[in-house]
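This report refers to the structure that appears directly beneath it.
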Amino acid sequence: GVNPRCSSIDSFEERSEVLSARFVQRCCLRFAVGASRAELPVLKDQHVKVHLCLDPGVLAAAVGAVPAKVRSATNGRLREVLVVLGTQCPEDEVVILKPARAARDLFTSLNDAERAEAITYVRSLALPVKSPLLPSARLAQFKNGSWQIDARSWADVAAEGCTLELPAV
């Protein structure tokens with residue numbers, strides 16, 4: 001964004017990040033209003049390779065919210081929680097109560113011991129990875145203090161990026 005009181009807005013709409021954001025806005029609008037899709041003919045035996053940088057949140061999205069159960073420190077009952085890998089750093093997991101119809105605070109009603117128990121449990125799992133940005137990835141596991149994708153550190157996978165081969169239209 002830009003604050004027009006502090007900086008010039010000349011050629012703001014031509015900036016690459018603004019053009020990208022406007023494109024995404026148009027795509028979302030067309031999806032939301034149900035605009036009809038047009039089938040584009042695929043050019044036979046022609047493909048385009050696209051290299052994408054991977055945002056740190058890709059791993060969190062690929063794994064999704066992981067259900068867990070923790071023992072309540074106050075009454076000893078099992079509580080259902082969700083653990084989400086961090087979007088800036090996967091090792092900064094977020095633990096919340098499983099959403100329900102009853103209005104309640106999903107974040108602050110858990111204590112540190114319950115959060116630690118949920119994170120320890122999720123870190124012990126081999127989690128399936130499902131993402132079009134990680135087409136060959138199968139499992140995410142926590143080993144040696146960091147999340148790994150198929151025995152490769154997430155930092156290496158993210159730094160490498162992703163190359164997709166798409167049909168030419």
Side-chain angles (χ1 to χ4, degrees), residues 1 15-28 30-32 37 39-40 42-73 78-100 106-169:
R15 291 168 53 183
S16 65
E17 61 270 15
V18 174
L19 291 172
S20 296
R22 297 288 184 243
F23 173 73
V24 171
Q25 287 173 335
R26 285 192 306 275
C27 290
C28 291
R30 287 186 185 125
F31 178 76
R37 296 180 184 179
E39 286 279 329
L40 298 175
V42 176
L43 301 176
K44 188 175 180 182
D45 298 326
Q46 293 186 19
H47 294 87
V48 176
K49 286 192 176 188
V50 178
H51 183 77
L52 304 171
C53 298
L54 294 179
D55 183 88
V58 168
L59 181 58
V63 170
V66 183
K69 292 184 180 182
V70 297
R71 187 139 322 264
S72 172
L78 285 178
R79 300 174 84 180
E80 293 185 35
V81 297
L82 296 176
V83 180
V84 179
L85 276 56
T87 57
Q88 296 301 316
C89 175
E91 291 77 24
D92 292 338
E93 294 94 343
V94 176
V95 182
I96 64 169
L97 286 174
K98 190 173 180 182
L106 301 178
F107 296 98
T108 59
S109 62
L110 291 168
N111 64 36
D112 291 340
E114 292 167 332
R115 290 179 201 285
E117 181 183 346
I119 290 171
T120 301
Y121 169 73
V122 168
R123 287 181 175 182
S124 71
L125 301 175
L127 304 171
V129 175
K130 297 176 186 172
S131 172
L133 298 178
L134 301 167
S136 62
R138 298 290 171 246
L139 289 177
Q141 292 180 296
F142 191 84
K143 290 185 179 177
N144 302 323
S146 67
W147 283 98
Q148 297 184 0
I149 303 293
D150 298 331
R152 293 182 58 214
S153 79
W154 169 247
D156 292 343
V157 173
E160 184 180 293
C162 171
T163 302
L164 300 174
E165 189 170 303
L166 305 172
V169 290

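These values consider heavy atoms only, across backbone and side chains, with no hydrogens, waters or symmetry-generated copies.
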#### Entry: Nearest-0.5 Å distance, CZ of residue Phe142 to CH2 of residue Trp147
7.0 Å
### Query
Quick one: are Val157 and Leu134 in side-chain contact, heavy atoms under 4.5 Å?
yes
### Message
Has Gln141 got a side-chain atom pairing as donor or acceptor with Ile149's backbone, closer than 3.5 angstrom?
### Response
no
### Query
Given Val66 and Val84, is the side-chain contact (heavy atoms from CB on, under 4.5 Å) satisfied, shown in steps?
CA-CA 6 Å; Val66 183; Val84 179; over 6 Å; no
### Task
State whether the side chain of Arg115 and the backbone N or O of Val95 hold a donor-acceptor pair below 3.5 Å, judged by distance alone.
yes
### Task
Determine which pairs satisfy side-chain hydrogen bond (donor to acceptor under 3.5 Å, both in side chains) with at least one residue from residues 122-135, sequence neighbours left out, and list them in order.
Glu93-Arg123
### Query
Mind checking whether Val122 and Leu127 have side chains closer than 4.5 Å, heavy atoms only?
yes
#### Entry: Test item: Glu114 and Ser72 side chains (from C-beta on) under 4.5 Å apart, heavy atoms
yes
### Query
Do the side chains of Leu164 and Pro135 get nearer than 4.5 Å, heavy atoms only?
yes
### Message
Can you tell me how far apart CZ (Arg26) and SG (Cys28) are? Round to the nearest 0.5 Å.
### Response
11.0 Å
### Message
Listing request: all salt bridge (Lys or Arg N to Asp or Glu O under 4.0 Å) pairs with a residue in residues 131-150, at least two apart in sequence or in separate chains.
### Response
none
### Query
Going by heavy atoms in the side chains, are Leu97 and Leu110 under 4.5 Å from each other?
yes
### Query
What residues, two or more places apart in sequence or in another chain, satisfy side chain to side chain donor-acceptor pair (under 3.5 Å) together with Glu117?
none
### Task
Sort and list the pairs that fulfil salt bridge (Lys or Arg N to Asp or Glu O under 4.0 Å) and have at least one residue in residues 154-169, not counting sequence neighbours.
Arg152-Glu160
### Task
Find out whether Tyr121 and Lys69 are in side-chain contact, i.e. whether some heavy atom of one side chain is under 4.5 Å from a heavy atom of the other.
no
### Query
At what distance, to the nearest 0.5 angstrom, does CG of Leu59 lie from CD of Glu91?
8.5 Å
### Query
Heavy atoms, side chains only, cut-off 4.5 Å: are Leu82 and Pro99 in contact?
yes
#### Entry: Side chain proximity check, Leu54 to Leu133, heavy atoms < 4.5 angstrom
yes
### Query
Excluding sequence neighbours, so at least two apart, what forms side chain to side chain donor-acceptor pair (under 3.5 Å) with Gln46?
none
### Task
With sequence neighbours left out, write down each residue that passes side chain to side chain donor-acceptor pair (under 3.5 Å) with Thr163, or none if nothing qualifies.
His51
